[in-house]
Amino acid sequence: ILIGLVGSEMCIETDNGLYLLQRKAGDDEAIIILNGVDSENEVDMARYLEIIPAGKRYRDVITGEELELIPAAGKRIFTPRETRILIPTE
């Protein structure tokens, strides 16, 4: 997991209330996703293809769940104020 402020960072804020922050340092990567609204939020994840390759799988360090951020349907539903901290699966 990334420690300190080394490496690079990219942040995307969209008008749908979803914030996505990517940190990279060497071979390490972490993605933080925040649903900034108080309701369920259906998001077209195609907007994030510049950061997240389609089909790439991640593990949520909070829940242990493995998931594909950009599903084949292209849309993902986030629960109210959902927060995810993700690292790529090996």
Side-chain angles (χ1 to χ4, degrees):
I1 304 272
L2 303 171
I3 298 174
L5 296 176
V6 297
S8 64
E9 177 177 297
M10 178 180 283
C11 182
I12 296 178
E13 174 187 354
T14 60
D15 57 358
N16 61 17
L18 192 74
Y19 300 85
L20 189 141
L21 174 73
Q22 178 192 50
R23 292 277 307 161
K24 284 186 172 184
D27 292 335
D28 291 333
E29 173 188 7
I31 294 179
I32 300 166
I33 298 176
L34 306 166
N35 179 18
V37 297
D38 291 324
S39 59
E40 197 172 77
N41 195 356
E42 184 176 22
V43 177
D44 182 357
M45 296 300 288
R47 166 75 172 89
Y48 303 98
L49 282 170
E50 67 184 90
I51 294 178
I52 305 163
K56 189 168 182 177
R57 296 195 56 83
Y58 294 86
R59 181 174 55 84
D60 187 319
V61 300
I62 297 170
T63 66
E65 176 187 5
E66 285 195 17
L67 62 131
E68 190 174 313
L69 274 180
I70 302 182
K75 293 191 176 191
R76 174 168 292 285
I77 296 175
F78 293 90
T79 59
R81 299 291 175 183
E82 180 176 345
T83 300
R84 295 210 175 240
I85 300 173
L86 306 167
I87 55 173
T89 58
E90 300 301 325

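It should be emphasised that the depicted structure is a prediction, and the values quoted were computed from it without experimental measurement.
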Practice prompt. Verify the cluster assignment for Val37 and Ile32: are they in a single hydrophobic cluster under the rule of side-chain heavy atoms below 4.5 Å apart?
Written response: no
Worksheet entry | ILVMFWY network linking Ile77 to Met45, side-chain heavy atoms under 4.5 angstrom | no
Worksheet entry | Check: Asn35 side chain, Thr83 main-chain N or O, donor-acceptor pair, under 3.5 Å | no
Practice prompt. Check side chain to side chain contact (heavy atoms under 4.5 Å, CB included) between Pro80 and all other residues, then give those that pass, not counting sequence neighbours.
Written response: none
Discussion item. Holding to side chain to side chain contact (heavy atoms under 4.5 Å, CB included), I want the full list of residues that pass it with Ala54, two or more places apart in sequence or in another chain.
Written reply: Leu49
Practice prompt. Using salt bridge (charged side-chain N to carboxylate O under 4.0 Å, His left out) as the criterion, list what pairs up with Asp27, not counting sequence neighbours.
Written response: none
Is any side-chain heavy atom of [X] closer than 4.5 Å to a side-chain heavy atom of [Y]?
X: Ile33; Y: Leu18; answer: yes
X: Arg57; Y: Pro88; answer: no
X: Tyr58; Y: Ile52; answer: yes

Response to the item:
Sorted by chain and number, sequence neighbours left out, side chain to side chain donor-acceptor pair (under 3.5 Å) with Ser39 holds for none
Fill in: Residue pair Val43, Tyr48: steps toward the side chain to side chain contact (heavy atoms under 4.5 Å, CB included) verdict
CA-CA 10 Å; Val43 177; Tyr48 303 98; 3.9 Å; yes
Worksheet item: Rounded to the nearest 0.5 Å, what separation is found between the CD atom of Glu82 and the CD1 atom of Ile62?
Response: 9.5 Å
Fill in: Derivation of the side chain to side chain contact (heavy atoms under 4.5 Å, CB included) call for Ile31 and Leu20
CA-CA 7 Å; Ile31 294 179; Leu20 189 141; 4.0 Å; yes
Fill in: Given Thr89, Leu86, Ile85, the one that forms side chain to side chain contact (heavy atoms under 4.5 Å, CB included) with Arg59
Thr89
Show me the side-chain donor-acceptor pairs of residues 63-75 shorter than 3.5 Å, one per line, residues at least two apart or across chains.
residue, atom, partner, partner atom, Å
Thr63, OG1, Glu65, N, 3.1
Glu65, OE1, Arg84, NH1, 3.0
Glu65, OE1, Arg84, NH2, 3.0

Worksheet item: With sequence neighbours left out, which residue pairs that include part of residues 36-45 fulfil the salt bridge (Lys or Arg N to Asp or Glu O under 4.0 Å) condition?
Response: Asp38-Arg81
Worksheet entry | side chain to side chain contact (heavy atoms under 4.5 Å, CB included) between Glu29 and Arg23, worked out | CA-CA 6 Å; Glu29 173 188 7; Arg23 292 277 307 161; over 6 Å; no
